[in-house]
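Here is the structure we will look at.
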Amino acid sequence: MEETHMLDDLNPPQRAAVVAQRGAVMVLAGAGSGKTRVLTRRLAYLLQTGEISPDRVLAVTFTNKAAREMRERVTELLHLDAAVVQRLWIGTFHGMGARMLRQYAGYLHYNADFLILDSDEQLQIIKKAAIRLGFDHLYWTPKRLANTISRWKDDGLKPEEIGPEQIRKEADRAAVIDLFTEYQNELRRLNAMDFGDLLANCLVLWREHPEVLDHYRHRFVHILVDEYQDTNKVQYEWIKQLASVHGNVCVVGDDDQSIYSWRGACLDNILRFKEDFPEVQLIRLEQNYRSTANILRAASHLIDHNTGRMGKTLWTQGAAGARLQRFLAEDGADEARFVAAETLRLCTDGRFSRVAVLVRTAFQTRALEEAMQYQAVPYQIVGGLRFMDRAEIRDAVAYLRLVYISRDDIAFERVVNVPSRKLGPSALAVIQEVANRRGGSLLEGARQVVADGLLGPSARKSLEGFLEAIDAGCRLAESSHPEGVLQHLLEASGYMDSLIGGEREEEKRENIRELRAFLVQTGDLLTFLEQAALESDPPRPGGAIDHNRVIVSTLHAAKGLEFEVVFLVGLEEGLLPHKLAVDAGGLEEERRLVYVGMTRAKERLYLCHARRRMMMNRWEQTVASRFLKELPAEVVETKGMQVSVRRPFSGWGRR
């Protein structure tokens, strides 16, 4: 695309954001204002006109999906060949951190093939560390510890930096610090990092080896950051360090859509950006290309009640559109019946995917599911089990990890008895004892146990069969593609046979086939394992999903999506805004959450609440959300009614 053509379809603020080439740039991009287009065009413009090679620009996103889309769009814009595309540094924060750490892993006394642990594996290690230390606490449960340690890492805190501000009681603080330390030691022994380590260890690497930081500072002469409002403290410091020499950093975000403080996002990163980059050029994208004028007016009126914002007002050249519909139901079931019936009225053509129903908490979906099933409305719950979190996929990946990374004790423990080999706790304890005595892995310990005849005949035979399958897989891995190795492992280990006649047999087989297809697409195993660990929802190569269903989603999961029709349900005090968030001083974030939900709607927006709702197995009278009172009355139509329902039809239901 020629330079002029690249700018032709941009409005003036969008164009200014694309062509600004030197210094710091902050783009405050309102909902539906073309943020993705601007970020992609800016990257393409830098490559085309700035005499910058592809490997000297770093573009950071929050999801792999966003990174893929950016790479694909830039490739299409500039007609790049595959070799050039490979040189692009486009990816998530954690993906880019892992890429850097693999190159310099030895500097931190890690091997380059270090494992990236998911949350389940992190929890498993913490549980074992707690048992070893005799740590047993009613409040500091392993799950709470895992979540808290992750938050501390996002804030850049090490075990020795945990003080009274984090844990007030001294005895508890000392015990938690010991467990945090033990957890970190176990990660190093396993040659593993969790998500927080991927960025925190970059900062450690740069501090201990400033020449590495200098290398990246001078390599990346331009830095682009998407969804900047979602960055945590470590991510902010990561970007600040990389941009500290040239200051050429462009951040794109929306302070009004900062809704992830519970997972470490720090809104102050946007508000204080000017302090670290005082010459920053601030550009506001306020023209909305998604929603009607009435929806935008209501959303802007609502968010104006927040004080912690930089300020912008969305507008559109489009039509005023329908007024917002406020529906008062008798109870949660009546609310759900209204949503289902209204959806049927709007979707007489069968295009149900135009509609989304957004909730604050997951428990609200039960009544919605019942109503939609009864009225034959096809629907899909968003935010279910990730593909890579399914048991059969985790089993298959563990077999592969054990073949290619023999010291992977986590993988060994997962599959040594899957399918069941009747290796009881005593047999596994013997393996663990031998491994500890020899200072080796559990796989090495198992081989030694067999060689020394330390198990009974039945257990020894079972363990021998398992080791034979793994050893054959290791030999095959020397000359075969990982997909072929996986097929051998699952057959030789008896795993595929164990699925016969079992629950969800065909679904599990289909998922494994998709995993094999994913392996073929990815290439080498280390790349696959990294993508599997970092991917929020890896592409499913073979599985077609029926999208012609109403989407039922939490508000948090709906960010970034858009629909012609949106129902916001449960707009009541204590639910939206949520009581716990209000008690913790998070009222403004709850308002931003509603703002995000409202701006998902393109044409029609419904605001629903009930006079009473079943909460914790008891009926409670409700009070309408304060946010409803903050909307301009002239764009909202209020009604309450009984709706007729259709009889159930067996052809539809939950996906």
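Residue indices begin at 1 and follow the sequence shown.
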**Request:** Ignoring hydrogens and angles, state whether a donor on the side chain of Asp113 or Tyr404 is under 3.5 Å from an acceptor on the partner side chain.
**Result:** no

**Request:** For the pair Arg401 and Glu121, find out whether any cationic side-chain nitrogen is under 4.0 Å from an anionic carboxylate oxygen.
**Result:** yes

**Asked** Tell me the side chain to side chain donor-acceptor pair (under 3.5 Å) pairs involving residues 195-208, sequence neighbours left out?
**Response** Lys153-Asp197

**Request:** For atom OH of Tyr107, decide whether the heavy atoms of other residues, nucleotides or ligands shown that lie under 6.0 angstrom number more than 12.
**Result:** no

**Request:** Could you check Leu454 against Glu433 for side chain to side chain contact (heavy atoms under 4.5 Å, CB included), going step by step and ending with a plain yes or no?
**Result:** CA-CA 11 Å; Leu454 299 179; Glu433 181 184 352; over 6 Å; no

**Asked** Are the side chain of Arg219 and the backbone of Asp55 linked by a donor-acceptor contact shorter than 3.5 Å?
**Response** yes

**Asked** Is the CD atom of Glu160 crowded by more than 12 outside heavy atoms at less than 6.0 Å?
**Response** yes

**Request:** Would you list the pairs meeting side chain to side chain donor-acceptor pair (under 3.5 Å) in which at least one residue belongs to residues 443-454, sequence neighbours left out?
**Result:** Arg438-Gln448, Arg447-Asp471, Gln448-Asp452

**Prompt:** Is it true that Asp120 and Arg414 have a side-chain N and a carboxylate O under 4.0 angstrom from each other?
**Reply:** no

**Asked** Do the ring planes of Phe195 and His94 sit parallel (below 30°), tilted (30 to 60°) or perpendicular (above 60°)?
**Response** tilted

**Prompt:** Hey, is CD on Glu506 packed in by over 12 heavy atoms from elsewhere, all under 6.0 Å?
**Reply:** yes

**Prompt:** Is the closest side-chain donor-acceptor distance between Gln103 and Tyr216 under 3.5 Å?
**Reply:** yes

**Test side chain to side chain contact (heavy atoms under 4.5 Å, CB included) applied to Leu133 and Tyr183, step by step** = CA-CA 11 Å; Leu133 296 178; Tyr183 169 70; over 6 Å; no

**Asked** Does CD in Glu170 sit with more than 12 non-hydrogen atoms of other residues, nucleotides or ligands closer than 6.0 Å?
**Response** no

**Prompt:** Is the shortest distance from a Lys or Arg side-chain nitrogen in Lys128 or Glu186 to a carboxylate oxygen in the other one below 4.0 Å?
**Reply:** no

**Message:** Is it true that Gln229 and Glu227 share a donor-acceptor pair across their side chains at a distance under 3.5 Å?
**Reply:** yes

**Message:** Using modelled atom types and a 3.5 Å cut-off, is there a donor and acceptor pairing between side-chain atoms of Arg87 and backbone atoms of Arg56?
**Reply:** no

**Message:** Can a donor-acceptor pair be found, under 3.5 Å and without considering hydrogens, that links the side chain of Glu237 to the backbone of Val234?
**Reply:** no

**Prompt:** Got a sec, which residues hit side chain to side chain contact (heavy atoms under 4.5 Å, CB included) with Thr365, two or more places apart in sequence or on another chain?
**Reply:** Val359, Glu369, Ile381, Val552

**Message:** Going by ring-ring contact (aromatic ring centres under 6.0 Å, His included), name the pairs with one or both residues in residues 420-461, residues two or more places apart or in two chains.
**Reply:** none

**Check: Arg421 side chain, Leu463 main-chain N or O, donor-acceptor pair, under 3.5 Å** = no

**Message:** Among residues at least two apart in sequence or on other chains, which ones pass ring-ring contact (aromatic ring centres under 6.0 Å, His included) with Phe466?
**Reply:** Phe412

**Message:** Between Arg394 (side chain only) and Asp389 (backbone N and O only), is there a donor and an acceptor less than 3.5 Å apart?
**Reply:** no

**Residues forming a side chain to side chain contact (heavy atoms under 4.5 Å, CB included) with Lys169, sequence neighbours excluded** = Asp172

**Fill in**
For residues 142-162, the ring-ring contact (aromatic ring centres under 6.0 Å, His included) pairs (sequence neighbours left out) are Trp152-Phe180

**Check: Ile167 main-chain N/O paired with Arg173 side-chain donor or acceptor under 3.5 Å** = yes

**Request:** Only counting residues at least two apart or in another chain, list the ones meeting ring-ring contact (aromatic ring centres under 6.0 Å, His included) with Phe363.
**Result:** none

**Prompt:** What residues form a side chain to side chain contact (heavy atoms under 4.5 Å, CB included) with Asp155, not counting sequence neighbours?
**Reply:** Leu157, Lys233

**Fill in**
By side chain to side chain contact (heavy atoms under 4.5 Å, CB included), Leu476 pairs with (sequence neighbours left out) Ser480, Val485, His488

**Item:** Lys/Arg N to Asp/Glu carboxylate O, Arg151 vs Asp154, below 4.0 Å
**Value:** no

**More than 12 heavy atoms of other groups within 6.0 Å of Arg189 CZ** = yes

**Asked** Okay, side chain of Arg360, backbone of Leu555: is any donor-acceptor separation there less than 3.5 Å?
**Response** no

**Item:** Flag, side chain of Glu505 to backbone of Gly501, donor-acceptor distance under 3.5 Å
**Value:** yes

**Request:** Check ring-ring contact (aromatic ring centres under 6.0 Å, His included) between Tyr495 and all other residues, then give those that pass, not counting sequence neighbours.
**Result:** none

**Prompt:** Looking at residues at least two apart in the chain, or sitting in another chain, which of them share a ring-ring contact (aromatic ring centres under 6.0 Å, His included) with His556?
**Reply:** Tyr260, Trp262

**Asked** When you look at Glu69 and Thr61, which way does the side chain to side chain donor-acceptor pair (under 3.5 Å) test go after all the steps?
**Response** CA-CA 10 Å; Glu69 289 178 354; Thr61 66; over 6 Å; no

**Request:** Without swapping roles, check the side chain of Arg144 against the backbone of Tyr139 for a donor-acceptor pair under 3.5 Å.
**Result:** yes

